[in-house]
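Proteins come first, then strands; the chains are lettered A, B, ... in the order of their sequence lines, and each starts at number 1.
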Protein chains: 2
Amino acid sequence: MPKQNTVFKDAYNRCLRLLVVGESLPSEPELCSLLGVSRTTVRSILSQMVEAGLIEWNKRSKAVQRPPAKSDYFPEHETSSLSDVIERTFMKRILVGGAEPGMQINELELAREIGVGTTSVREFLIRFSRFGLIEKRPNSHWVLKGFTRQFAEELIDVREMFELKSAAAFAALPIDDPAWAELEALRRAHVEVLADIDSRYLEFSELDDRLHRLIQQASGNRFIIDFYDIIAIVFHYHYQWNKANARERNGKAILEHLDYIEALKTRRPEAVEAACRLHLSSARLSLMQSLATAA
Amino acid sequence: MPKQNTVFKDAYNRCLRLLVVGESLPSEPELCSLLGVSRTTVRSILSQMVEAGLIEWNKRSKAVQRPPAKSDYFPEHETSSLSDVIERTFMKRILVGGAEPGMQINELELAREIGVGTTSVREFLIRFSRFGLIEKRPNSHWVLKGFTRQFAEELIDVREMFELKSAAAFAALPIDDPAWAELEALRRAHVEVLADIDSRYLEFSELDDRLHRLIQQASGNRFIIDFYDIIAIVFHYHYQWNKANARERNGKAILEHLDYIEALKTRRPEAVEAACRLHLSSARLSLMQSLATAA
DNA sequence: TCTGTGTTCTTTGTCGATAATGTGCAGCCT
DNA sequence: AGGCTGCACATTATCGACAAAGAACACAGA
């Protein structure tokens with residue numbers, strides 16, 4: 001079984017949502033940019049839609065025949081790329097399943113467990129190794145270093161260094177930089193979520209990711225920006241499976257974010273640094289606490 | 001052709017140097033730790049040596065029959081692992097051969113050019129991507145971001161942040177920490193090379209690597225320590241192919257290192273920071289200058 | 001003349017197969 | 001009793017193959 005056709009299936013599903021009975025789909029190149037895939041894939045989708053009786057396709061005309069039914073969609077689990085599946089399975093194993101530091105990781109076993117070839121697992125592990133949670137012994141196995149308190153400390157130490165630098169750079173951005181507009185949009189989004197915090201507190205993760213990425217971006221340094229990927233993946237999976245006190249924690253964090261945003265807007269270095277430190281040490285604390293309860 | 005037997009060949013060559021006529025080689029496990037390979041490989045080596053008439057092997061006795069000749073050694077180019085070969089070829093291409101930023105990298109083409117399978121090239125590129133010089137477009141090619149001034153600036157900015165932190169941590173190390181002994185050994189090595197600088201200035205690279213790694217180690221932070229790999233590889237290959245003013249540059253750097261080491265020994269934070277900054281800004285300058293002439 | 005389509009070709013992502021290398025166990029020698 | 005050897009087995013590194021996905025180009029239609 002070579003390449004999965006997940007790109008096709010995912011794009012097909014998204015294309016279904018574009019169907020409006022009576023109208024015609026746009027041109028192939030336009031669909032390409034709409035769906036973010038190549039023309040080859042777009043044409044496969046169109047062919048498939050013809051077979052399913054969803055459209056009539058003749059050169060430039062792609063007349064929609066009927067609205068898509070539930071059964072027209074591919075099941076969601078078939079639309080995520082192989083590496084995503086591997087990532088999820090693996091993260092679950094090391095964050096939730098009791099994975100002791102020092103444990104060996106076996107490519108073959110992992111591959112069999114997930115039901116994929118060894119190559120994919122191998123490539124995933126290589127990519128993943130930059131997160132510092134695993135390490136390779138050449139010609140031999142991988143060693144799991146574990147999501148320990150030690151790891152979290154090291155991660156957060158670097159994060160603080162980088163974020164302070166980025167925040168300072170952000171404050172120094174010229175007034176007409178588009179980042180300021182984005183910051184304002186993000187502020188509004190925070191306020192909205194906060195207004196309905198009890199039912200929307202889970203949206204905080206996304207806000208958090210967006211805000212911090214926006215700030216890192218201002219550093220103009222690829223190493224700082226790339227490092228945020230590590231933070232993001234760790235926080236993402238960790239909190240996904242550790243929802244204790246999420247409501248309270250997220251509410252508090254949103255308020256801190258708003259302070260942080262206000263501080264940035266003043267463009268005064270001392271104010272920015274203070275708000276940044278405050279938020280980061282609070283984030284550190286809650287990660288450490290949730291690690292304590294998890295262990 | 002599966003796995004190359006470079007581990008075997010390299011270990012065989014190293015084992016040849018252990019042969020002393022009239023004596024017997026040590027036990028298999030001992031050879032393992034001496035050569036850093038598994039018993040299987042050691043036993044292959046012993047078998048091969050029997051075939052070559054170098055030793056008589058009977059259970060515990062491995063009597064050496066004759067000294068190894070030049071022709072007993074495997075050619076050196078057969079002893080480096082595939083990924084090393086790929087790395088060298090690739091680095092040469094992007095640092096020496098005119099490689100414009102934005103250029104596409106083609107796995108297949110690279111593989112054919114080097115004469116290896118695509119899998120190896122692919123895995124190399126994935127590993128290499130963490131250095132920030134290339135970037136992947138999923139389902140499509142890699143993009144070369146180029147060893148530009150911009151890249152160098154970003155790299156050095158982070159380096160300075162990290163090294164200042166590490167140097168401070170080093171100065172705070174307890175007096176009986178083994179790092180102090182290593183620092184002293186390194187200082188002596190510097191002095192020795194300096195005494196004969198005209199003929200030994202090329203040894204500076206190794207000293208540089210050892211000193212900075214020793215210092216980063218003190219941070220106790222895997223992200224800081226791992227980041228040094230990026231510095232190391234960039235400096236290694238860059239200066240390997242840019243030897244202009246090497247004699248002068250290295251001599252100056254050794255003096256700075258000695259100052260830096262002295263400052264660390266005082267354990268006074270201000271002295272350490274000053275020496276560290278001085279050396280780093282000088283390193284930055286010389287990298288930037290050599291980039292200017294290269295471009 | 002420009003944008004869209006038909007067609008063909010190239011490249012990537014994934015797999016299974018295979019030699020090299022590493023690992024574990026039972027018996028043997030000192 | 002402790003380390004060494006002999007042997008059988010498990011795992012990794014590398015390759016070639018092939019379907020999915022992307023890219024190039026000539027022609028057609030507005």
Side-chain angles (χ1 to χ4, degrees), chain A residues 1-11 26-32 35-47 57-62 81-83 85-86 104-112 115-126 136-142, chain B residues 1-11 26-32 35-47 57-62 81-83 85-86 104-112 115-126 136-142:
Chain A
M1 249 175 284
K3 237 174 172 169
Q4 317 288 108
N5 55 350
T6 58
V7 172
F8 165 76
K9 287 178 177 169
D10 181 55
S27 76
E28 294 175 15
E30 206 162 329
L31 280 172
C32 287
L35 299 171
V37 297
S38 76
R39 254 188 73 216
T40 306
T41 304
V42 163
R43 288 171 68 83
S44 306
I45 292 173
L46 292 174
S47 302
W57 181 23
N58 194 301
K59 312 254 170 140
R60 313 205 165 197
S61 113
K62 298 143 190 129
S81 85
L82 205 25
S83 39
V85 175
I86 299 178
Q104 297 184 15
I105 297 168
N106 190 308
E107 293 178 1
L108 204 54
E109 192 192 333
L110 244 182
R112 278 195 288 247
V116 301
T118 50
T119 313
S120 313
V121 168
R122 215 177 140 70
E123 291 184 359
F124 166 76
L125 290 172
I126 295 174
K136 177 144 195 59
R137 301 290 151 82
N139 284 313
S140 182
H141 50 258
W142 292 80
Chain B
M1 250 176 286
K3 239 177 171 168
Q4 315 290 108
N5 55 351
T6 57
V7 172
F8 165 77
K9 286 178 177 169
D10 180 55
S27 76
E28 294 175 13
E30 206 162 330
L31 281 171
C32 288
L35 299 171
V37 297
S38 77
R39 257 186 72 217
T40 306
T41 304
V42 163
R43 288 170 68 83
S44 308
I45 292 174
L46 293 174
S47 303
W57 181 22
N58 193 302
K59 314 250 167 147
R60 311 205 166 198
S61 113
K62 296 135 189 139
S81 85
L82 204 27
S83 38
V85 175
I86 298 177
Q104 298 185 11
I105 298 168
N106 188 308
E107 294 178 2
L108 203 54
E109 193 191 334
L110 244 182
R112 278 196 285 247
V116 301
T118 50
T119 315
S120 313
V121 168
R122 223 177 130 71
E123 291 184 359
F124 166 76
L125 291 172
I126 295 173
K136 178 142 195 63
R137 301 289 153 83
N139 284 313
S140 182
H141 50 259
W142 292 81

Base of [N], side chain of [X] - is there a donor-acceptor contact under 3.5 Å?
X: B:Lys3; N: C:dT21; result: no
X: B:Arg137; N: D:dG22; result: no
X: A:Arg43; N: D:dG22; result: no

CZ-CZ distance between B:Arg122 and A:Arg122, expressed to the nearest 0.5 angstrom: 12.5 Å

Please state whether the phosphate of [N], meaning OP1 or OP2, lies under 4.0 angstrom from any side-chain nitrogen or oxygen of [X].
X: A:Arg112; N: C:dC15; answer: no
X: B:Arg39; N: C:dT23; answer: no
X: A:Asn106; N: D:dT12; answer: yes

Given [options], the nucleotide with the shortest approach to the side chain of [X]:
X: A:Ser120; options: C:dG22, C:dC15, C:dG6; value: C:dC15
X: B:Val116; options: D:dA21, D:dC15, D:dT12; value: D:dC15
X: B:Thr40; options: D:dA19, C:dT23, D:dA13; value: C:dT23
X: A:Lys136; options: D:dA13, C:dG13, C:dT5; value: D:dA13
X: B:Ser140; options: C:dG13, D:dG22, C:dT21; value: D:dG22
X: B:His141; options: C:dT12, D:dT12, C:dG4; value: C:dT12

Answer with base, sugar-phosphate or nothing: what part of the nucleic acid does [X] contact at a heavy-atom distance below 4.0 Å?
X: A:Thr119; result: base
X: A:Ser44; result: nothing
X: B:Gln4; result: sugar-phosphate
X: A:Ser83; result: nothing

If I take atom [atom1] in residue [X] and atom [atom2] in nucleotide [N], what distance separates them, rounded to the nearest angstrom?
X: B:Lys9; N: C:dA19; atom1: NZ; atom2: P; answer: 16 Å
X: B:Glu28; N: C:dC28; atom1: CD; atom2: P; answer: 17 Å
X: A:Lys62; N: C:dG4; atom1: NZ; atom2: P; answer: 9 Å
X: A:Ile126; N: D:dT14; atom1: CD1; atom2: P; answer: 10 Å
X: B:Asn58; N: D:dC4; atom1: CG; atom2: P; answer: 17 Å
X: B:Asn139; N: C:dT14; atom1: CG; atom2: C1'; answer: 12 Å
X: B:Leu46; N: D:dG6; atom1: CG; atom2: C1'; answer: 13 Å
X: A:Leu108; N: D:dC9; atom1: CG; atom2: C1'; answer: 13 Å

Earlier contact from the 5' end, DNA chain D, for B:Gly117 and B:Gln104: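 Closer to the 5' end of DNA chain D: B:Gly117.
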
Closest non-hydrogen atom pair, B:Val121 against B:Ile86: N-CD1, 4.0 Å

